[in-house]
Amino acid sequence: MAEIIELPDNFFGKHDRERVESFAAHEVAHGRATRWHWARDDDDDDIFQLFAGGADEYLILSLSRDREQDAYCAHDGKGGHLVSGTLDHVMAEVDAYLSALHGEPPAS
């Protein structure tokens with residue numbers, strides 16, 4: 001009999017991790033970020049962090065999965081909530097947010 005393994009509610013699957021890393025590479029390529037990093041929060045849950053600033057580096061975004069909402073959540077560098085939802089929705093909203101933060105005109 002196979003053992004059933006329950007994954008944590010906030011688990012980033014391999015496919016989602018690859019999509020988030022590809023998204024981060026897109027932001028770095030556009031000069032909106034300088035690097036990304038996988039970390040753990042205080043509850044030992046996966047958290048994806050995006051940084052900018054080079055030598056004076058600062059956090060511009062964190063992405064996690066919310067257990068209660070069963071959704072991805074993006075927060076700005078100060079911890080303010082930006083957007084929640086499916087990964088595609090969150091990445092689209094974050095792309096627009098980082099574009100505006102970088103001083104780019106809105107896409108038409």
- Item | ring pair (Phe, Tyr, Trp, His ring centres under 6.0 Å) against His37, all qualifying residues, sequence neighbours excluded | none
- Query: Ser84 and His81: which non-hydrogen atoms are nearest, and at how many Å?
  - Reply: OG-NE2, 2.6 Å
- Message: Please determine whether side-chain hydrogen bond (donor to acceptor under 3.5 Å, both in side chains) holds for the pair His26 and Asp95, giving the CA-CA distance in whole Å, both sets of side-chain angles, and the decisive distance to 0.1 Å.
- Response: CA-CA 9 Å; His26 163 81; Asp95 187 59; 3.2 Å; yes
- Do Val94 and Val83 come close enough that some side-chain heavy atom pair is under 4.5 Å? yes
- Indicate if Leu50 and Val90 have the same hydrophobic cluster label, given that clusters are the connected sets of ILVMFWY residues with side-chain heavy-atom separations under 4.5 angstrom. yes
- Does the pair Arg65 and Asp45 meet the rule for a side chain to side chain contact (heavy atoms under 4.5 Å, CB included), with working shown? CA-CA 8 Å; Arg65 289 227 15 216; Asp45 295 332; over 6 Å; no
- Message: Quick check for you: to the nearest 0.5 Å, what is the distance between Leu98 atom CG and Glu93 atom CD?
- Response: 11.5 Å
- Task: Compute the centroid of each ring, for Phe12 and then for Phe48, and state whether the two points are separated by less than 6.0 Å.
- Result: no
- Using a distance-only test with no angle check, is there a side-chain donor-acceptor pair under 3.5 angstrom linking Trp38 and Glu21? yes
- Message: Are the side chains of Leu101 and Asp76 in contact, using a 4.5 Å heavy-atom criterion?
- Response: no
- Message: Does His75 form a side chain to side chain contact (heavy atoms under 4.5 Å, CB included) with Leu82? I'd like the steps, not just the answer.
- Response: CA-CA 5 Å; His75 293 87; Leu82 294 174; 5.7 Å; no
- Note on the structure: Here the gap from Lys78 atom NZ to Ser62 atom OG, rounded to the nearest 0.5 Å, amounts to 14.0 Å
- Is it the case that one hydrophobic cluster holds both Ile60 and Val28, taking links as side-chain heavy atoms less than 4.5 Å apart, direct or via other members? no
- Message: Is there a path of hydrophobic side-chain contacts, each under 4.5 Å between heavy atoms, that joins Trp36 and Phe51?
- Response: no
- Task: Output yes when Arg40 and Asp46 qualify as a salt bridge under the 4.0 Å nitrogen-oxygen rule, no when they do not.
- Result: yes
- Item | Closest non-hydrogen atom pair between Thr34 and Ala52, with its separation | OG1-CA, 3.3 Å
- Answer yes or no: is there a side-chain heavy-atom contact under 4.5 Å between Gln69 and Cys73? yes
- Residue pair Arg32, Ser99: steps toward the side chain to side chain contact (heavy atoms under 4.5 Å, CB included) verdict: CA-CA 7 Å; Arg32 300 175 192 147; Ser99 175; 4.1 Å; yes
- Item | Separation between CD of Glu27 and CZ of Arg35, rounded to the nearest 0.5 Å | 16.0 Å
- Query: Out of curiosity, Asp16 CG to Glu18 CD, how far, rounded to the nearest 0.5 Å?
  - Reply: 9.5 Å
- Task: Answer yes if Ile47 and Leu63 sit in the same cluster of Ile, Leu, Val, Met, Phe, Trp and Tyr residues linked by side chain heavy atoms under 4.5 Å apart, and no otherwise.
- Result: no
- Query: Mind checking whether Val20 and Leu59 sit in one hydrophobic cluster, side chains of I, L, V, M, F, W, Y counted as touching below 4.5 Å?
  - Reply: no
- Message: Under 3.5 Å, is there a donor on one side chain and an acceptor on the other for Asp66 and Tyr72?
- Response: no
